[in-house]
Protein chains: 2
Amino acid sequence: MTNVFHHSLPQQIADKITKQIMTGDLMPGEKIIESNYASEYGTSRAPIREALYLLATEGLVERIPRKGTIVKGFSQSEINDLLDIRMTLEKMAMKRIQSASDHQSCLIKMEDLVEQMGATLHDEKQYALLNQEFHMTIIRMSQSNVIHELYQKLSKQLLSLQLLSFLEGEHIQKSYEEHQTIIHLLKNKQFDEASSLLEDHNQAVITRLNLQFKSPTK
Amino acid sequence: MTNVFHHSLPQQIADKITKQIMTGDLMPGEKIIESNYASEYGTSRAPIREALYLLATEGLVERIPRKGTIVKGFSQSEINDLLDIRMTLEKMAMKRIQSASDHQSCLIKMEDLVEQMGATLHDEKQYALLNQEFHMTIIRMSQSNVIHELYQKLSKQLLSLQLLSFLEGEHIQKSYEEHQTIIHLLKNKQFDEASSLLEDHNQAVITRLNLQFKSPTK
DNA sequence: TTATCCCAAAATGTCGACAAACGACCATGG
DNA sequence: CCATGGTCGTTTGTCGACATTTTGGGATAA
């Protein structure tokens, strides 16, 4: 019984590499060499390969035949697209919530998350994670597997860019209040209002992102 | 120089399996056993594994650790979601076309496609492919990689269900006229009108699909 | 100096074999 | 009769080795 339960070996390796990407330990465009990781983890190349495939399905790396696999990078316009589509998915989810029924448990979870967020206003990274979880809960309320998976994939890609936490960070206080408002609107079943608030928020992020790109504060 | 140029071996195998899925040779839920395909193609299991991963990336199969890989199936509501999201992407693409510039070449291609469609009204399968290509051209006009890739993935999944060609088939004549109208609207830069026509068309497909499910004409 | 060719090192692709896990069947016991 | 447990064939997971391809550098010639 040498093996672990929760995840298969390739999944574990994929998780670790994911973390490396998220923390900036691996930068976009960087090459991931199988044999390096193989010797690092004391395995053969097969599980590493498998892990890289997993990351490719999540869109975090790109596998180019006979060239290798590199950490995926995104252009400015691609990031815009990712944010835009993700927002659209969230609005779709919002529409479907109106017909679903078990909002209660999700709302409770969201209130809990916002409470945690209130206690984490100082820690941008942590706040970003809670924020992510908050929105994921909205998505789950729609009870749509397809939307959920797509949203998760897009979020993971965006998270890998380490841009969001920074962008949100400048306006944490405002964001925090917005989330409280969203819960309030959902409780009162004012779905359209909640939807447009989400849209405004996302648009603001996109706008800030574009400004960010135009003035490289470096 | 024994190898082929255009595609790597795993890609070729993936293409063949894709065809098997699209033609119904492999049914949803069916298990794909690596060693079978290995001996069939005269290779070892490694390239097969790679091919299966490619298919997983495209969402055509599902890999379950230590269980194997099965052809992915979709519930009715999941199919609805796929159609809905795909339509949303198409509307997003439409919005962006307004700011792009090189519409001309795409419009020409679309006119060519519609012409071919006119000559293929009798062949549902072929018509569905041309139809698919038509919409893909609209997507390309948006010049967004992200939208393009997502749209392609969703379309491939829907295509694998062999439902669309059947659904469209009943209304080919109407569909044909609609496509002509779309080109006309795009030429006159009436993007909003084109967008809502697309929405109507897609909604009609979804509605028909749901009726289809409620009355199993079998 | 620069361009080109060639070669060696490194990295990915493929292979066959073995290990571990899963699933089905059968036997056994209640 | 049903539930339990073991056994065995099948299938996936992992390994190490070899083949093929790419890459980078250095020698040579213009």
Side-chain angles (χ1 to χ4, degrees), chain A residues 1-21 25-73, chain B residues 1-21 25-73:
Chain A
M1 190 184 286
T2 60
N3 246 342
V4 200
F5 288 121
H6 236 58
H7 293 304
S8 65
L9 177 56
Q11 183 65 58
Q12 289 180 59
I13 297 174
D15 288 344
K16 291 197 180 182
I17 298 179
T18 299
K19 199 164 288 179
Q20 287 188 304
I21 294 177
D25 200 358
L26 282 170
M27 294 294 287
E30 197 164 334
K31 203 171 174 188
I32 296 182
I33 288 151
E34 297 173 0
S35 35
N36 289 359
Y37 279 82
S39 54
E40 178 173 345
Y41 289 110
T43 69
S44 82
R45 272 170 49 217
I48 309 291
R49 232 147 199 292
E50 198 105 335
L52 292 179
Y53 293 143
L54 286 175
L55 294 178
T57 66
E58 288 176 339
L60 294 185
V61 305
E62 202 169 355
R63 280 185 59 85
I64 304 170
R66 302 214 166 267
K67 286 290 185 71
T69 98
I70 60 179
V71 180
K72 193 156 182 178
Chain B
M1 190 187 288
T2 59
N3 246 343
V4 199
F5 287 121
H6 240 56
H7 295 303
S8 64
L9 176 55
Q11 184 64 59
Q12 290 181 60
I13 297 174
D15 288 344
K16 291 197 178 179
I17 297 180
T18 298
K19 199 165 286 179
Q20 287 187 303
I21 293 176
D25 201 357
L26 281 170
M27 295 294 285
E30 196 165 336
K31 203 171 174 188
I32 297 182
I33 287 153
E34 298 173 0
S35 37
N36 289 359
Y37 279 82
S39 54
E40 178 173 344
Y41 289 110
T43 70
S44 82
R45 271 171 49 217
I48 309 291
R49 248 156 178 293
E50 180 124 16
L52 291 179
Y53 260 104
L54 289 175
L55 295 178
T57 303
E58 290 174 339
L60 294 185
V61 305
E62 201 169 356
R63 278 185 61 86
I64 304 171
R66 304 213 166 269
K67 289 286 187 72
T69 99
I70 60 180
V71 179
K72 194 159 182 176

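The sequence lines fix the lettering, A, B, ..., with proteins before strands; numbering per chain opens at 1. Values reported hereafter were calculated over all heavy atoms of this structure, with side chains retained and with hydrogens, waters and symmetry mates removed. Computed from a prediction, not measured in an experiment: that's the story for all the values here.
The interatomic distance linking A:I64 (CD1) with C:dG13 (P) rounds to 11 Å, in whole Å. When rounded to the nearest whole Å, the span between CD1 of B:I13 and P of C:dG13 equals 13 Å. Rounded to a whole Å, the OH atom of A:Y37 is 13 Å from the P atom of C:dA11. The distance between atom CZ of A:R63 and atom P of C:dT12, rounded to the nearest whole Å, is 9 Å. Here the C1' atom of nucleotide C:dA11 and the CZ atom of A:R66 are 11 Å apart, to the nearest Å. Nucleotide D:dA19 holds its P atom 15 Å from the CZ atom of A:R45, rounded to whole Å.
Not a single side chain to side chain donor-acceptor pair (under 3.5 Å) links A:N36 to another residue, sequence neighbours left out. Shown here are the side chain to side chain contact (heavy atoms under 4.5 Å, CB included) partners of A:E62, two or more places apart in sequence or in another chain: A:I70, A:K72. A search for side chain to side chain contact (heavy atoms under 4.5 Å, CB included) contacts involving B:S35 returns B:I33, B:R45, not counting sequence neighbours. For A:S39, the side chain to side chain contact (heavy atoms under 4.5 Å, CB included) test picks out no residue, with sequence neighbours left out. Not counting sequence neighbours, the partners of B:T18 by the side chain to side chain contact (heavy atoms under 4.5 Å, CB included) test are B:M22, B:L55, B:E58, B:L60, B:K156.
In the set D:dC15, C:dT14, C:dA21, the nucleotide with an atom closest to the side chain of B:A46 is C:dT14.
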For nucleotides 7-11 of chain D, give me every protein contact, N/O to N/O, under 3.5 Å, one pair per line with atom names.
none

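Under a 3.5 Å cut-off, the side chain of B:Q11 and the backbone N or O of B:S8 do not form any donor-acceptor pair.
For residues 45-73 of chain B, every residue pair satisfying the ring pair (Phe, Tyr, Trp, His ring centres under 6.0 Å) rule, not counting sequence neighbours, is listed here: A:Y53-B:Y53. Sorted by first then second residue, the ring pair (Phe, Tyr, Trp, His ring centres under 6.0 Å) pairs that include residues 31-50 of chain B, not counting sequence neighbours, number zero.
Within residues 48-57 of chain A, no residue places a heavy atom under 4.0 Å from DNA chain D.
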